[in-house]
Participant: 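Questions regarding the structure given below will be posed in turn.
Since this is a predicted model, take the numbers as computed values, not measurements. Atoms within a ligand are numbered from 1 in the order they appear, just like the ligands themselves.
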Amino acid sequence: MQKYEKLEKVGEGTYGTVFKAKHKETKEIVALKRVRLDDEDEGVPSSALREICLLKELKHKNIVRLYDVLHSDRRLTMVFEFCDQDLKKYFDSCKGKVDSNTVKSFMFHLLQGLQFCHSHNVLHRDLKPQNLLISKSGELKLADFGLARAFGLPKERFSAEVVTLWYRPPDVLMGAKMYDTSIDMWSAGCIFAEMANGGRPLLPGSDVDDQLRRIFKLLGTPNELTWPDMKKMPEYRDFPAFSAIPLASVTPTLSSSGRELLQNLLVCAPSRRMCAEKAMQHCYFDDIDPSIRV
Ligand code: AMP
């Protein structure tokens, strides 16, 4: 820790406080994340430490790089690549309008990062605009990847902020425990719509029931044909049979190919949700600047 000079606090995250810091010798600017643990007396569980150390190998331009893991006094500090702002702050600065080319390139970056992590069997499980960071050069990078598996999904006890359900898929809202990559693809769909709408969240539910109701009112309540396993979900609950609303009415500025991609991501049955690799090949991205692709 003595290697770094702590500068200002830049954020309060799911797993701890984030500080901007400078390496005393190299002058490199980094982000230090001090992780809060469930039980400080117990120290850092060795399983979490192993998981976190594996994340150091996850190197991709659309993933916030984890340079180092510092473990002392039963505390854990992660040293990350520093990024200038997050997508939530970016939305605030855009005053309700994000240029359609920017939406497209951010979405492509998001999918590229997801595809890379998913191909290495790492899930995010809690994607939201606050943990999508934007570098000086306008590249979108995913933060907090793999932390949910190491530390468990956050609960409210750590911060005053209520854990958001807005990006959570219906299977998880109904208690699914077998997570796979489809969980992140649903969140990517919600974030895509939010970007297209200049930062207005698509499904801002207030509790699990309200969240599911909003999803079904938009996409139509699933039935035996569209989601055969729904009734097997541990916390399945009955909803009225709502009919789907055309996505055009909730994302009016998105092109028809963009809406088609969105429709493929916002699929209630997890096994039918589009994966990152397929999404990157969607015709919505046909006219993207080739330099954006790796
Ligand atoms: P997180 O725990 O990743 O949600 O972080 C909370 C907040 O801290 C984010 O919303 C960012 O504003 C900021 N932050 C997190 N990681 C970084 C980073 N690597 N560089 C700059 N700011 C960060």
Participant: Under 4.0 Å, heavy-atom basis, I'd like to know which part of Gln85 is in contact with ligand 1: side chain, backbone, both or neither.
Facilitator: neither
Participant: Heavy atom of Lys20 under 4.0 Å from ligand 1?
Facilitator: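 No, Lys20 has no heavy atom closer than 4.0 Å to ligand 1.
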Participant: If you look at every heavy atom in Ile215 and Leu173, which pair is closest and at what distance?
Facilitator: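 Taking Ile215 first and Leu173 second, the nearest heavy atoms are CD1-CD1, 3.7 Å.
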Participant: Lys88: heavy atom below 4.0 Å from ligand 1, yes or no?
Facilitator: no
Participant: Is it true that Glu139 and Lys136 have a side-chain N and a carboxylate O under 4.0 angstrom from each other?
Facilitator: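 No, Glu139 and Lys136 are not salt-bridged.
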Participant: Who gets closest to atom 1 (P) of ligand 1 by heavy atom: Leu147, Asp84, Asn131, Asp144?
Facilitator: Asp144
Participant: Is there a polar contact between ligand 1 and Tyr15, counting only N or O atoms under 3.5 Å apart?
Facilitator: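 No; the residue has no nitrogen or oxygen that sits under 3.5 Å from a nitrogen or oxygen of the ligand.
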Participant: Tell me whether Glu12 has any N or O atom under 3.5 angstrom from an N or O of ligand 1.
Facilitator: no
Participant: Report yes or no: is the cationic atom of Lys20 (NZ for Lys, CZ for Arg) closer than 6.0 Å to the six-membered ring centre of Phe82, at no more than 45° off its axis?
Facilitator: yes
Participant: Do any nitrogen or oxygen atoms of Cys83 lie less than 3.5 angstrom from nitrogen or oxygen atoms of ligand 1?
Facilitator: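 N/O-N/O distance below 3.5 Å exists for this pair.
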Participant: Is it the case that the ring center of Tyr4 lies less than 6.0 angstrom away from the ring center of Phe19?
Facilitator: no
Participant: If you count heavy atoms of other groups shown closer than 6.0 angstrom to NZ of Lys231, is the number above 12?
Facilitator: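 Counting neighbours around NZ of Lys231, 12 or fewer heavy atoms of other residues, nucleotides or ligands fall under 6.0 Å, so no.
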